[in-house]
Amino acid sequence: MKGKKLKIGIYELTGCAGDALMILNCEKELPAIFQAVDIQSFLMAKSDNIDDELDVALVEGSVTTEKEVEELKDIRKRSKIVVALGLCATVGGIQARFQDPQKWQENFRQVYGETKMELPAVVSKPIDAYIKVDFYLPGCPISKEQFLNFFTRVVKGAPPESYPQPVCVSCKYKENDCLLKNGLFCLGPLTADGCGAVCPSHNLPCVGCWGPVQGGNWTSEFYLLQDKGFSREFIKKKMANFAGTKLSEFWKQFDRRD
Amino acid sequence: MKKITIDHLPRVEGNGGITAIIDGQAVSEVKFYINEGPRLIERLVIGRTPEEDVSLTPRICAICTVSHKLAAVRAMENALNVQVPHQTNLLRELMHMGEMIESHSLHVYYLALPDYLGFPNAIAMASKHEFEVKIALEMKNFGNHIMKVINGRFVHGENTVIGGFGKWPSREELLWIKSRAIQFMPFVYKTVNLFCTLNYPDIPEAETQYACCLPPHEKYGFWGDEILVSNGDRIFREDYRQLTNEFVVPHSYARHSRYQDKPYSVGALARVNNLGERLEGEAGRMFRKYFNDHWKKNPLYNNAAQALEILYCFERLPQLVDELLEIDNTPEIVSYQTQEGQGTGLVEAPRGLLIHHYRVEQGLVKGADIITPTAQNAEDIERYGMIAAQTLLDRGEEEKIRDRLDIIVRAYDPCISCSVHLAEVKTVEETAWENQLAEIKRQASPLFIGIGNITQGDDGIGPTLITKLKELGIKAVCSSELDTQNIKSLVNSDQPFIFVDALDAGKKPGAISLIPLLAVLYSSSLSHRLAPFIQNEFSYSQLKKSYLLGIQPRSITKQQHLSPEVSQALQRLIDQLEN
């Protein structure tokens, strides 16, 4: 694109800051990234940050305080495109486990007691619980390759690529032995690809950290795992670890049917 | 009253801030804020298997992910009685070096150095220092590479499991790490010389306590089964609560800690202070060349300590690879049958001591306790922030406070994600003392201590107020009636003191200010008549709850009565305290 550079903001809500760190981990490409676009705000990397109109806002982290709700809404107002970056922003992260407000409250009390906190907290949610999200780039944390691919396309004004395949696709390309077939609890068939099947390539089952893949056959894998001898409770817990809020509808229907 | 705020601290990992409130000539409050919300990680691992736990808890933090993984794995291995072979520990050490190199080089070059060279960020710094910026990026990339080779990924790798590794790296991959480490050496020396000779400001400087892991051998290292405190105390891992006694503060979702009721610091500077004598080779030589008294009391030297540790890691890498290659087999993952147990894992994250503790029952996590370095440093960050702000204010350099707070927080290399980002300097409202005083009275009945001389005009405000309070039946005493013996009989350890004195805070005559006693103790111009006696007799937490009620005098000359403004102030105080 000729003419003006795109104005970009990178924001961190509650999470491990791993997605912002992954951008800094593009060591070789970093100078080119800073040249290609006008980075208006990137707290982890620079001090001279401005909150102004943006072409693209990249938001990582889940929404966990009332203040973050306001900040997020403000980012949406200022930005043409909002991208959810990483597992916490796309599904709410591992901290989105306690969605029932009462349960959340109980657990909150276990950690912070009765102290009245100055920054009121809310139940952890993905950013699309509060604003419209234009693109999702999942991962815990995001992958460098998917990010650079996404970034290059956006800078050139092309629509970003989508990744509809599960981890199994990469796993097959790598000619790994199927861990599920060998009786291990592997979430590869249900998990969005982006890591390149890194865990199965290390002889370890997929834990699901990219979040649920679109169109994953959860019912079928559930029964498959049950046949392999895993208990219902155990399967549900393992499937929930990295699924955030995105499977709650599925479980409601599943429990009714089953 | 003014407030200096850095609402979103830039160039730190995560979202946090720091606030300083300035009341005339005194800094009345410094708070280190964590703006991130609660993630309740210790709660969401309950009911999960140990394997799920060691996969979930490293998600606390991206930059310390390997340290979290190692702390979790060691805690579980201690709980479940799993003994890993020497070789596994060597490979874990190698992986840990990758994180230290990645995190330290990111911090010293990208986050901290722009402060000292006057740039807003590292990319801008590259216009003048292209070579350093480029090679430092390569160094950071090398650290990431080590973590990827051993742990599977840059961030949140899963190859480290309870009992060993999913896959062992190849001989070629290990040899590549060794040869690349040797290539970096010239730049590593440059890094140490650069950061050990930077012109660090001498504010703040004050003694503190340092805590770190005591390695299980006579050498330097990043893990152990004991904690070493700078006073010589050694604490076994399972007794870690003796060090950390966490408590909740309303302004942060990270719980604070003190040791023996005093703030302490963890991190590279703590390690170099406690273990620096153990450094060997070039790192040892550099330690003896550069280490001096400033390192013992100035948190800004953490940058220098990190640079020294980069050298330590680069010297250790080739040795580790050699040791690993000497043993010519790749161990299997140690399996276990134990379903019950309790255990603690101690490791040094780049920014300091990290503790994981678990209780496992029937094969599932029943209890979890995770104590992160930034949470432990929070008290000392606030204390050094207070010292710096007050000292600068005393020197008439108020405009420097904001930047200095920013630099102090950054020197600690805080990992806010870990502890669950900014600096703010505020001034307070004229009447803010009223609500504050009412709040103190509501929480505990304070002892009022009057200071002054009734023959010296407005200096008599202290004793005069005390006389009135006594008439009202409020617990009050004049400092002239006190000594180290009887004061203990007048207050218990829960009760705060409120000293009442004429105080020149640069305000209008009769203006009232309520200033935390700690600020007074750190101030050269304010710490007048009360310091030596109470500092020795009372605990840090009691002093932290105590205040100085200062009344701006019109004149302190030889006369028996108060000026009209101060008399009015006296009446306002009595009205307020009567209720």
Side-chain angles (χ1 to χ4, degrees), chain A residues 12-22 24-25 27-28 30-31 34 42-49 61-65 67-68 87 93-95 97-98 104 107-108 110-113 115-119 121-122 124 140-141 144 195 198-199 201-204 207 209 234 237-238 241, chain B residues 8-15 33 35-44 47-48 52 55-56 59-63 65 106 110 114 120-124 126 133-134 137-138 140-141 144 152-159 161 165-167 248-251 253 255 406 415-417 420-421:
Chain A
E12 299 158 54
L13 306 178
T14 296
C16 77
D19 307 301
L21 184 67
M22 278 312 286
L24 291 183
N25 281 346
E27 289 95 354
K28 292 194 170 63
L30 209 54
F34 269 77
F42 188 178
L43 269 175
M44 198 199 269
K46 61 201 269 284
S47 301
D48 47 346
N49 297 303
S62 71
V63 187
T64 309
T65 64
K67 200 175 165 199
E68 286 177 343
L87 187 84
I94 59 171
Q95 64 270 24
R97 174 87 54 75
F98 306 117
W104 181 85
N107 283 293
F108 183 87
Q110 290 278 343
V111 182
Y112 299 103
T115 314
K116 197 174 164 342
M117 305 303 276
E118 290 174 15
L119 201 65
V122 295
S124 265
C140 187
K144 201 164 158 171
C195 63
V198 58
C199 290
S201 304
H202 286 80
N203 311 315
L204 300 165
V207 296
C209 74
F234 185 76
K237 281 203 277 192
K238 275 227 171 189
N241 282 340
Chain B
H8 293 280
L9 278 167
R11 289 184 281 125
V12 297
E13 289 105 11
N15 190 344
Y33 284 88
N35 298 337
E36 299 203 4
R39 296 178 72 200
L40 311 176
I41 305 274
E42 289 151 311
R43 299 296 305 164
L44 57 85
R48 261 49 186 181
E52 284 174 284
S55 159
L56 287 168
R59 259 80 187 185
I60 289 172
C61 174
I63 192 121
T65 175
L106 172 69
Y110 292 88
N121 62 62
I123 302 293
V133 169
K134 242 174 105 177
L137 272 176
E138 298 250 338
K140 175 176 166 318
N141 179 270
N144 268 330
R153 269 199 289 196
F154 289 176
V155 177
H156 303 334
E158 296 281 358
N159 194 36
V161 295
F165 288 94
K167 189 179 164 194
V248 177
V249 294
H251 60 282
Y253 284 108
R255 289 169 296 184
D406 202 27
C415 189
I416 286 157
S417 314
V420 204
H421 310 263

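Labels below follow one simple rule: chain letters A, B, ... track the order of the sequence lines, proteins then strands, and each chain is numbered from 1. Heavy-atom basis, side chains included; hydrogens, waters and symmetry copies ignored.
In this structure R97(A) satisfies the salt bridge (charged side-chain N to carboxylate O under 4.0 Å, His left out) test with no other residue, sequence neighbours excluded. Not counting sequence neighbours, the partners of E42(B) by the salt bridge (charged side-chain N to carboxylate O under 4.0 Å, His left out) test are R255(B).
Using a 4.5 Å cut-off between heavy atoms, I94(A) touches chain B through backbone and side chain atoms alike. Both the backbone and the side chain of N141(B) come within less than 4.5 Å of a heavy atom of chain A. For L56(B), the parts sitting under 4.5 Å from any heavy atom of chain A are the backbone and the side chain alike. Heavy-atom distances place the side chain of V161(B), and not its backbone, under 4.5 Å from chain A. For chain B, the nearby part of K28(A) is the side chain; its heavy atoms alone come within less than 4.5 Å. Heavy atoms closer than 4.5 Å to chain B are found in both the backbone and the side chain of L24(A).
Here R43(B) contributes atom CZ and F98(A) contributes atom CZ; the two are 6.5 Å apart, rounded to the nearest 0.5 Å.
Heavy-atom pairs under 4.5 Å with chain B peak, among S124(A), G61(A), C195(A), P141(A), at P141(A). Top candidate by heavy-atom pairs under 4.5 Å with chain B, chosen from C199(A), A121(A), C140(A), S62(A), is C140(A).
Residues E52(B) and V207(A) form no side-chain contact, since every pair of their non-hydrogen atoms from C-beta on lies 4.5 Å or further apart. A heavy-atom distance below 4.5 Å is not found between the side chains of F154(B) and L21(A).
Residues T14(A) and Q95(A) bring no donor and acceptor atom of their side chains to less than 3.5 Å of each other.
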